[in-house]
Amino acid sequence: MPAHDVLIIGAGLAGQRAALAAADAGATVAIMSKVHPVRSHSNAAAGGINAALNPEDSWESHAFDTVKGSDYLGDQDAIEIMCREAPDEILHLEHLGVTFHRSETGHLGTRAFGGASAARTYYVADITGQALLHVLYEQLMKYHQTVERYEEWFTTSLLQDDAGSCTGAIARNIRDGRTEVFGAKAVIQASGGAGQAFKPTTNALICTGDGIAQSYRIGAPLMDMEMVQYHPTTLVENGFLITEGARGEGAQLFNKDGDRFMESYAPNKLELASRDVVSRAEQTEINEGRGFEDGGLALDITLVDRKRILEALREIVNIGRDFAGVDITREPIHIRPGQHYIMGGIKTDVHGQTDIPGLYAAGECACVSVHGGNRLGANSLLDTLIFGRRSGEHAAGRAMAMAQPGEPPESRLADEHGWIAGIIARERGGGRRVSQIKDELGETMNRHCAVFRDEAGLNQGLEIVRRLKEEERSAWIDDAGTVFNQDVLGAIELGYMLDCAEAMLVGALERRESRGAQYRTDFPERNDGEWLKHINVSRNGDDAPGVSYSPVTMTQWEPEERTY
Ligand SMILES: Cc1cc2nc3c(=O)[nH]c(=O)nc-3n(C[C@H](O)[C@H](O)[C@H](O)COP(=O)(O)OP(=O)(O)OC[C@H]3O[C@@H](n4cnc5c(N)ncnc54)[C@H](O)[C@@H]3O)c2cc1C
């Protein structure tokens, strides 16, 4: 059995940053990813990363904007840590080799982002995630003696000892279908979001909530799962993202009558209000008949100087041309709100520790919670790096103070083999195809758990998801092979997405108020008296998930009315 001090599941920004931190602290590390690390979804991050680095800016201002953006559901101790540590992290990355944009005076350049009271988003054109990921990966290669990379390995389950501590994971080598047990003194889930539970989504096919569901299945509570972010500018045709950087550079939104409608919803911040506010405004315009025939609204990027577009927004020039047939330097492009990010995830403290000893989580799969009810643009990359590093350091500290746990009984691996073989052996044509169930799941979530919600719709969504969970037990696939059998992985991922979706719907039904991304038309007001608290969803055997609450940590900002 391969055994390491720290096993990290996921090699996006959170996982790679955690691996470097754990290795720096002296631990032996394994980092595992179902795709080559630089193909992790962090690669798609476009617009930038926030930090109050400019001397005229302050971490307190960044923290207040984040608290307000979260609709006061974010934990203020965690937000303070993230914003205080942000400037040093950016400088560290710059020193490692990230080519952040520089202004004509040679200073690091910033662009404005939504919900921020200062332009504090640092960027590399509109490929910021890719630039960060590649630099971290170069660093990982430098650490080859202490960091073992398991690339194209798919973790299927987490392991626990009799006392309930997490002691490793079981994973399948995608190249040949071999399944193995990996022992570890600490495991960090850095396995990303669950956007594929929605259709459409800006998220890649690999964002299937694997680590969230694996942790939930061994008893880790999930927090704030009802908080699902719809991004204001996704392509009408297919949900592809047009980065908030476009509005940061000066692009404006118009309805079919040519009105710049954000003037009535957020007169001060306009297009740069926080995402929940802009998405709700757009959906209202569409619902009230002021959208275009294709169901979208117009984002006019031609207002930005053409030279600047070609320099700073070149990827969305390609996206507009290739996926909408629009030259964004010459004409407006049609957009609508689309699923983008989940604020909720595996509940952790500020060191990444979950409620399961030895299990940590960081990045989009975790909920620490710095985003609360609504994440500010460019705060996610920051979250992955700050809490990736902190979890790596803490996990290394734990690991180096203890002995390697014993191996699990052989029957555990045999059970896993049996489970996967059972999926492969399902009768072709016996039930529904995995892809059919996945499509119905995505459409259901996008109908019932989107920008506007109500009890009847959420109940309907939950009923469908529970039926799909039944159907998933007999869902069949075509490929019975061992080499790169993506079909069987798709079937396993479907189960993870269904668990995540159920937790989101349960949380959304439970929260009988409107806050951040959760707007309940049947409870349209924020209700701090009853609902200024986190909702935790826990697995309850085969019964419906259990619901509990935890307090929101306040340090210095009392809830106020939120206007932009
Ligand atoms: C189009 C787009 C643009 C964005 N732009 C920005 C931006 O400009 N600024 C910003 O702050 N945020 C942005 N975001 C959000 C941000 O990119 C993500 O939230 C963040 O990158 C998530 O990083 P992560 O490390 O948590 O997960 P990921 O980068 O998604 O990595 C997850 C890792 O887990 C691995 N994994 C998953 N399941 C398994 C399994 N079962 N077994 C083994 N490995 C597994 C994957 O292979 C991968 O390596 C954007 C998001 C999108 C979709």
Side-chain angles (χ1 to χ4, degrees), residues 67 69-79 193-194 197-198 209 211-213 215-217 219-230 276 339 341-350 354-356 361 364-375 383 445 448-459 461-462 465-466 497-541 543-554 559 562:
V67 170
S70 81
D71 218 348
Y72 296 89
L73 191 66
D75 281 329
Q76 296 180 12
D77 56 343
I79 291 172
F198 292 75
I212 300 173
S215 305
Y216 174 66
R217 289 177 185 183
L222 306 182
M223 191 161 90
D224 299 343
M225 287 296 282
E226 69 279 15
M227 296 303 180
V228 177
Q229 179 162 83
Y230 271 64
D276 56 333
Q339 196 284 339
Y341 183 83
I342 56 166
M343 274 71 75
I346 309 158
K347 178 178 186 293
T348 73
D349 68 9
V350 296
T354 71
D355 286 9
I356 306 279
E364 192 167 337
C365 70
C367 181
V368 48
S369 108
V370 284
H371 310 301
N374 171 70
R375 168 173 77 83
D383 169 17
M445 294 302 281
H448 297 301
C449 200
V451 176
F452 291 112
R453 306 159 175 190
D454 64 19
E455 185 175 337
L458 290 166
N459 270 324
L462 192 55
V465 166
R466 289 189 170 148
M497 286 185 279
L498 285 163
D499 279 358
C500 292
E502 184 179 34
M504 289 170 191
L505 289 162
V506 166
L509 268 169
E510 182 69 15
R511 185 174 289 284
R512 289 180 290 281
E513 66 152 358
S514 292
R515 180 186 300 273
Q518 151 109 341
Y519 192 95
R520 289 275 304 252
T521 53
D522 44 354
F523 296 97
E525 300 300 325
R526 193 176 87 190
N527 178 352
D528 290 335
E530 276 181 81
W531 291 105
L532 186 54
K533 57 190 177 190
H534 298 291
I535 294 175
N536 302 315
V537 177
S538 305
R539 184 134 194 245
N540 199 6
D543 296 334
V547 170
S548 60
Y549 307 113
S550 50
V552 173
T553 307
M554 302 273 177
R562 189 163 161 260

>> If I compare all heavy atoms of Ile535 with all of Glu226, which pair ends up nearest, and what's the gap?
In response: CD1-OE2, 3.8 Å
>> Which heavy atom of Ala213 sits nearest to which heavy atom of Cys500, and what is that distance?
In response: N-SG, 4.4 Å
> With no hydrogens and no angle check, is any side-chain donor or acceptor of His448 less than 3.5 Å from a backbone partner on Gly457?
Replying inline: yes
> For Val537 and Met504, what are the C-alpha separation, side-chain angles and deciding distance, and is it a side chain to side chain contact (heavy atoms under 4.5 Å, CB included)?
Replying inline: CA-CA 9 Å; Val537 177; Met504 289 170 191; over 6 Å; no
>> How close do Val506 and Pro545 get, counting heavy atoms only, and between which atoms?
In response: CG2-CG, 4.2 Å
> Name the one of Leu222, Ile342, Ile212 that satisfies side chain to side chain contact (heavy atoms under 4.5 Å, CB included) with Cys365?
Replying inline: Ile212
>> So does Gly373 get a backbone contact from the side chain of Asp71, meaning a donor-acceptor N/O pair under 3.5 Å?
In response: no
> Does the pair Arg515/Asp528 count as a salt bridge with the N-to-O cut at 4.0 Å?
Replying inline: yes
> If you measure from NZ on Lys347 to CD1 on Ile356, what distance do you get to the nearest 0.5 Å?
Replying inline: 11.5 Å
> How many angstroms lie between atom CG of Asp383 and atom CE of Met343, to the nearest 0.5 angstrom?
Replying inline: 12.0 Å
> Between Ser215 and Ile346, what is the shortest heavy-atom contact and its length?
Replying inline: OG-CD1, 3.4 Å
> Out of curiosity, Thr348 OG1 to Met223 CE, how far, rounded to the nearest 0.5 Å?
Replying inline: 7.0 Å
> Distance from Glu502 atom CD to Arg466 atom CZ, nearest 0.5 Å?
Replying inline: 4.5 Å
> Counting N and O atoms only, with roles assigned by atom type, does the side chain of Gln518 sit under 3.5 Å from a partner on the main chain of Ala508, one being a donor and the other an acceptor?
Replying inline: yes
> Stepwise, does the side chain to side chain contact (heavy atoms under 4.5 Å, CB included) test hold for Asn374 with Gln229?
Replying inline: CA-CA 7 Å; Asn374 171 70; Gln229 179 162 83; 3.2 Å; yes
> Listed by chain and number, what are the side chain to side chain contact (heavy atoms under 4.5 Å, CB included) partners of Asp77, not counting sequence neighbours?
Replying inline: Asp75, Val350, Thr553, Thr555
>> Looking at every heavy atom in both Gly344 and Cys367, which two are closest together, and how far apart are they?
In response: C-CB, 3.9 Å
> Would a 4.5 Å heavy-atom cut-off, applied to side chains only, mark Arg526 and Pro559 as touching?
Replying inline: yes
> Does Phe452 have any ring pair (Phe, Tyr, Trp, His ring centres under 6.0 Å) partners at least two apart in sequence or in another chain, and if so, which?
Replying inline: Tyr519
>> Using modelled atom types and a 3.5 Å cut-off, is there a donor and acceptor pairing between side-chain atoms of Arg562 and backbone atoms of Gly69?
In response: yes
> Where the side chain of Arg453 meets the backbone of Val451, is there a donor-acceptor pair that is under 3.5 Å apart?
Replying inline: no
> To the nearest 0.5 Å, how far apart are CG in Asp276 and OG in Ser70?
Replying inline: 10.0 Å
> Given Arg375 and Met227, is the side chain to side chain contact (heavy atoms under 4.5 Å, CB included) satisfied, shown in steps?
Replying inline: CA-CA 9 Å; Arg375 168 173 77 83; Met227 296 303 180; over 6 Å; no
>> Using side-chain heavy atoms (C-beta onward) and a distance below 4.5 Å, is Leu458 in contact with Arg520?
In response: yes
> For Leu73 and Arg511, what are the C-alpha separation, side-chain angles and deciding distance, and is it a side chain to side chain contact (heavy atoms under 4.5 Å, CB included)?
Replying inline: CA-CA 12 Å; Leu73 191 66; Arg511 185 174 289 284; 3.8 Å; yes
> Quick one: salt bridge (Lys or Arg N to Asp or Glu O under 4.0 Å) partners of Arg539, sequence neighbours excluded?
Replying inline: none
> Would you say Gln339's side chain and Phe198's backbone share a donor-acceptor pair under 3.5 angstrom?
Replying inline: no
> Which distance, rounded to the nearest 0.5 Å, do you find between the CG of Asp499 and the CE of Met497?
Replying inline: 11.0 Å
> Is there a side-chain contact between Asn536 and Tyr549, using heavy atoms and a 4.5 Å cut-off?
Replying inline: no
>> Minimum heavy-atom separation for Val228 and Met225, please, with both atom names.
In response: CG2-O, 3.9 Å
